[in-house]
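Lettering of chains follows the sequences in order, A, B, ..., and the numbering in each one begins at 1. As the structure is a prediction and not an experimental result, all values here were calculated from the model.
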Amino acid sequence: MTTVESAGGPTTGSDVDLGVTLAGVYLPTPVMTASGCAAAGRELSPFLDLSAIGAVVTKSVMLDARSGRPTPRMVETPSGMLNSIGLQGPGIDAFLARDLPWLVERGARAVVSIAGGSLGEYAELGRRLGASPGVAAVEVNISCPNVEDRGQVFACDPVQAARAVSAVRRGIPRDLPLLAKLSPDVTDIVTVAASVMEAGASGLTMINTTLGLAIDPDTLAPVLGGVTGGLSGPAIRPMAVRCVWQVHAAMPDVPVVGVGGVRTGRDALEFLLAGAHAVQIGTVLFNDPSAPHRVAEELRAELSQRGFRSPSEVVGLAHRPPAAAPS
Amino acid sequence: MTTVESAGGPTTGSDVDLGVTLAGVYLPTPVMTASGCAAAGRELSPFLDLSAIGAVVTKSVMLDARSGRPTPRMVETPSGMLNSIGLQGPGIDAFLARDLPWLVERGARAVVSIAGGSLGEYAELGRRLGASPGVAAVEVNISCPNVEDRGQVFACDPVQAARAVSAVRRGIPRDLPLLAKLSPDVTDIVTVAASVMEAGASGLTMINTTLGLAIDPDTLAPVLGGVTGGLSGPAIRPMAVRCVWQVHAAMPDVPVVGVGGVRTGRDALEFLLAGAHAVQIGTVLFNDPSAPHRVAEELRAELSQRGFRSPSEVVGLAHRPPAAAPS
Amino acid sequence: MNREPLQVRGRVLSVDRAGEYHHLTLVAPGVAERTRPGAFVALAVGGETSAMLLRRAFSIYRAKASGVYGDTVEVVFAVHGSGTAWLADRRAADEVDVVGPLGRPFTLPTEPVPCVLVGGGYGSAPLFALAERLRERGCPVHMVLGGATERRLFGVLEARRSAQTVAVTTEDGSAGTTGRVIDVLPEVLARTGAPVVYACGPMGMLRAVAGLAAEHGVWSQCAVEESMACGVGVCMTCVLPVRDDDGLVRMVRSCVEGPVFRGERVLWDAVGTVPAGTVGAPRVGPGR
Amino acid sequence: MNREPLQVRGRVLSVDRAGEYHHLTLVAPGVAERTRPGAFVALAVGGETSAMLLRRAFSIYRAKASGVYGDTVEVVFAVHGSGTAWLADRRAADEVDVVGPLGRPFTLPTEPVPCVLVGGGYGSAPLFALAERLRERGCPVHMVLGGATERRLFGVLEARRSAQTVAVTTEDGSAGTTGRVIDVLPEVLARTGAPVVYACGPMGMLRAVAGLAAEHGVWSQCAVEESMACGVGVCMTCVLPVRDDDGLVRMVRSCVEGPVFRGERVLWDAVGTVPAGTVGAPRVGPGR
Ligand SMILES: Cc1cc2nc3c(=O)[nH]c(=O)nc-3n(C[C@H](O)[C@H](O)[C@H](O)COP(=O)(O)OP(=O)(O)OC[C@H]3O[C@@H](n4cnc5c(N)ncnc54)[C@H](O)[C@@H]3O)c2cc1C
Ligand SMILES: Cc1cc2nc3c(=O)[nH]c(=O)nc-3n(C[C@H](O)[C@H](O)[C@H](O)COP(=O)(O)OP(=O)(O)OC[C@H]3O[C@@H](n4cnc5c(N)ncnc54)[C@H](O)[C@@H]3O)c2cc1C
Ligand SMILES: Cc1cc2nc3c(=O)[nH]c(=O)nc-3n(C[C@H](O)[C@H](O)[C@H](O)COP(=O)(O)O)c2cc1C
Ligand SMILES: Cc1cc2nc3c(=O)[nH]c(=O)nc-3n(C[C@H](O)[C@H](O)[C@H](O)COP(=O)(O)O)c2cc1C
Ligand code: FES
Ligand code: FES
């Protein structure tokens, strides 16, 4: 194997500027938290300077308060976990009144994740969010069942996915970036990606969890209160990198945020090379609550060792035809 | 959590008869090797009594000899691996002349896996196999690109999947069991399952690997010679169990073979509880070449501890409504 | 004093057997001085190439700020699965990543009233630090320790040193009274006239203790043990239904709003469900 | 004699440093007596809850049947990534699951001819057992050991004891001749008149040695190092293009048909590709 030092000899870490611009938003580092794995940021503040990480993506909030699903809500799996939280949360109004201002006051970039059970709900969420100051970007979680369409998950159908995205888009200011968060549980993720971009997304977050199930050999029944759950963690990283790769190959100009099993700076680099502009850390936060800071610093070192001065320089680099690499 | 002892107090291991009948074939244990992870059996014989394990599923063989893909062909990933072997093999005739007889002579049940690049190839493979004695069952690997349909993978389209299966079915004797091996990389695996059963499959093997990709942070290029690869191992077990669960819920009478990350007897039990009649061991063979024997014995102990006398007693048990379980 | 949790690289000072349990002492700078009785630590297990990602939660048994070996934190644990097996296998000087102290500790009485402390199995571990604080406040301490067998009792000798009276129960009669803590608790409550009972142990025991306390018109403080993915409040896995000050039932995180709850607030019979009427209880099928 | 590989629970006897390398001795009943020079073992790493599933392959340095500690197998390794780091961290009595001996060993000359043995880095490890077997057959042994630095040479002292002549090279000149093995090999071949050269080391070195041997009309036997998932022949990951007896190029498994190949048979320049004309070379897009 050959080491490619694309940008001339190694730089020193201090030569690397980790700042990136994602769909128009400046982020001091390309490493954010993933939705549902950082609540609304507050609980991570003992471990992290929230203003210094890329962004805080908040737990997907719905229109009304939600109790979530019965416990058990999680089960550890090899190099990952399954969860079925069921989007427990305070509802959008309480979120905007209480959680968002807290984040904004701390100087964090708040990427607000929203989720709806119908197109009407997405539209209403968009309107309320659109009227609220302090939002850096909106992430639309479309991995929810559509109650008006036999519970079919929005993200699993390009048409419904697009409708959910445009419902939100209509409510928010034109210049507010909208990231559509895709599910890997589809035959063809590129079609869904193209469809939501067409519908007004400014970029894509990939991937949400993939559907899994675990059975408790003692109770002889599914472990999770919700029966199935979402699989996450390093176990699914190769799947997430593949999704980013496929979408970047088809639509190289679309801003992509990679998420799925990021644990180290090398993992973050892998996502960037596949075509992501930034990454999110989910499950690994449970292992290491200071991971967004650590991973950003590790990424700085990885970039520096390879002679790069900015994360943007490596975005999509692995797509170069093999001939381009000196051997 | 409650321990359910469904069949009255624990039995002793010797009370458990591991034998199962799968789509008409008797297997001494429900634990087989997975295709592509045991070659044609021979190399495992120092570690295993091949006649005593459930069955040997051979590496998918194509019509002609295949060189496979360039190296690197694998990369280790958290609790799993990616492979892109590209179906290297001797072609069906050499396989039938040399590998199959060897297995049959040793008293192993040979489940022959075949793979084609077109419907014509599947049909021809079926004919040659159908004319050959000693085959316990045929497993049709449909996770191959269809050269006549823009390289679309058969398994990703219910119609093409069914055509491949019926092409093989026509060539083989009516009473020769045909297992269709499904890919998890679809929006709705139940539809594909129903479609291939309709087309003449006797049962289903679930799951093949899921598509993944890894990038080498040193070469800044995809690790695998084949760029993308198949993700396997315990990492994907929750996904495999979910697929088995969904299909068993929809079609409880269909014989299912569970595969994906089986490492221990508890894992095997999990698949049975989800609805599988038997399991296969793939990637874990690389970690432990004697795993099919070990896992069967561990399964025996797990069954015995819970008062069961046969693997069949637990098939699909986790689907009982929660009320049925004493608390 | 800063009570915020820290994340520190701990070092194993010792791992000893204690009956069926293991007693682990970690050097963990800064954690001890922030610790109050009832708090817990979340330990990363298995090292950097482990397939186990989630931290394991353990009640803090003892925390010593600037002891002979620096700041130490001690936990007592049972080997349950792979994570605890890994911890039991640690040797002196090995590294263990520690997050803590976490959770809301036991609330102390403002008056020097007698207190009953009930521990089931390793659940007695956090009660000794509590006993010390109570004694400092002039509260007479009475302990009830129970376990399935003698080897599953923890700290009986220490209890005899730190409490005025100690009642011991084992289910198999291998030590103390044959039976469960709940069988002797009415007598202890009657004898001591304690207006408050503190409890830590399995959920079944807590539920029984909380029920009994309510019957006797006594306050109870119960440290619960729910399956936790993060331990710090960000994942929402560790919830149980709790009646809030406003009378409404909410699914409440036991890692940050617990692990200690007032016994009468927890809907013990509804743990593992979302009882009807809970704030936000589902009307539509939930997403991920 | 039964040469089939075994799978055994090995026990660590010792792990010592040897320059930049680690020297691991395992008690592995039955493996030693089946071992011939050039064979390797595949070790499971990380324990049962490890995220690392694949075994790591190591050439056997020494194998002693019924020594003082029973049957032992020794390997010499560099810490490369997490698996080798885990191995380096083992302590006496730890368990390591061993599969071996694996692979086709070096072929020995039928006549007592002089032999040149070339080792790059830890690649010299399997050459000492080979040297012994060669000496037993009356073959004078000459060794060439190279490494990037002195600390990346293995076994120079042992070589001086077991070979008639030893040439050492380092790239930085910290020991022996400054340069690579290939720089001194022509002289050694000329001086010894050896009709065969054995080589183990990085692929680049093997390619150079095989090329030079061919130029000099000398046989070469090269032990290759390809990425292996199973080590036993079932996964088809470890292939490289090799010209067979029938003149056709096939993608051949280096774990069972190697790791030792005749140098002129390997298409060194085509490693990492499927050269046109290879048996079964692709015409259609391949499946999984
Ligand atoms: C606040 C709190 C305090 C605790 N204090 C102690 C203590 O002082 N001593 C002690 O022995 N144990 C204590 N436990 C339980 C301890 O956390 C589990 O025994 C341990 O996590 C099991 O890990 P494992 O890997 O051995 O088991 P596994 O079953 O392999 O663990 C798999 C997963 O399930 C979780 N899990 C399994 N059992 C429990 C459980 N009983 N409670 C919570 N999570 C569980 C694990 O954390 C892990 O994520 C406490 C738990 C909590 C929540
Ligand atoms: C036949 C054979 C003999 C070998 N003999 C020795 C020896 O005597 N001493 C020694 O130090 N090393 C030897 N190696 C290389 C050794 O196997 C690797 O260094 C080791 O597998 C790296 O594991 P890791 O977990 O530290 O690295 P990682 O990079 O984390 O390993 C990740 C994966 O890649 C594989 N891999 C990485 N590097 C190599 C490599 N160079 N060769 C093969 N697979 C690799 C690993 O097996 C693993 O599956 C030999 C390899 C082979 C094939
Ligand atoms: C406990 C948990 C809760 C999650 N909740 C949400 C959520 O509310 N909204 C969302 O879009 N994704 C949610 N996710 C998915 C993550 O944001 C992320 O997409 C996924 O876990 C993959 O990343 P990871 O492997 O880094 O965890 C959740 C994941 C976990 C583990
Ligand atoms: C190296 C390798 C080669 C494989 N080759 C085949 C194959 O030829 N045909 C097939 O149907 N499946 C093949 N598979 C998939 C396995 O049979 C199995 O479905 C998958 O790996 C999931 O099981 P596991 O997690 O136990 O490995 C292969 C898997 C691996 C790891
Ligand atoms: S354990 Fe994560 S919120 Fe409590
Ligand atoms: S390593 Fe599996 S066939 Fe060689």
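Interface remark: B:Val75 contributes no atoms to any contact with chain A (heavy atom separation under 4.5 Å). No part of B:Glu302 comes within reach of chain A, as not one of its non-hydrogen atoms sits under 4.5 angstrom from that chain. Heavy atoms of A:Val314 lying under 4.5 Å from chain B are absent altogether.
Contact check for B:Met239 versus A:Thr210: side-chain heavy atoms found under the 4.5 Å cut-off.
For residues 268-276 of chain A, the interface with chain B (any heavy-atom pair closer than 4.5 Å) comprises A:Leu269, A:Glu270, A:Leu273, A:Ala274, sorted by residue number.
To the nearest 0.5 angstrom, B:Ile189 atom CD1 is 11.0 Å from A:Asp185 atom CG. The line from OG1 of B:Thr219 to CG of A:Leu317 is 10.5 Å long, rounded to the nearest 0.5 Å.
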Worksheet item: Could you walk me through whether A:Phe308 and B:Leu220 pass the side chain to side chain contact (heavy atoms under 4.5 Å, CB included) check?
Response: CA-CA 12 Å; A:Phe308 297 106; B:Leu220 310 183; 3.9 Å; yes
Worksheet item: How far apart are the C-alpha atoms of A:Asp218 and B:Arg266, what are their side-chain angles, what is the distance that settles it, and do they pass the salt bridge (Lys or Arg N to Asp or Glu O under 4.0 Å) test?
Response: CA-CA 10 Å; A:Asp218 294 318; B:Arg266 279 174 87 92; 3.5 Å; yes
Practice prompt. Given side chain to side chain contact (heavy atoms under 4.5 Å, CB included), test A:Gln246 with B:Thr228 step by step and report yes or no.
Written response: CA-CA 10 Å; A:Gln246 288 178 323; B:Thr228 57; 5.5 Å; no
Practice prompt. I would like to know whether A:Val241 and B:Ile215 meet side chain to side chain contact (heavy atoms under 4.5 Å, CB included); could you show each step before the answer?
Written response: CA-CA 8 Å; A:Val241 173; B:Ile215 293 172; 4.3 Å; yes
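Minimum interatomic distance between B:Leu211 and A:Arg242 (heavy atoms only, all atoms of both residues): O-NE, 3.0 Å. The two residues A:Ala318 and B:Pro222 have their closest heavy-atom pair at O-CD, 3.5 Å.
For the pair A:Arg306 (side chain) and B:Pro217 (backbone), a donor-acceptor distance under 3.5 Å is present.
When each of B:Thr187, B:Leu82, B:Val227, B:Thr77 is checked for heavy-atom pairs under 4.5 Å with chain A, B:Thr187 comes out on top. Residue with the most contacts toward chain A among B:Gly212, B:Ala235, B:Pro238: B:Pro238 (heavy-atom pairs, distance under 4.5 Å).
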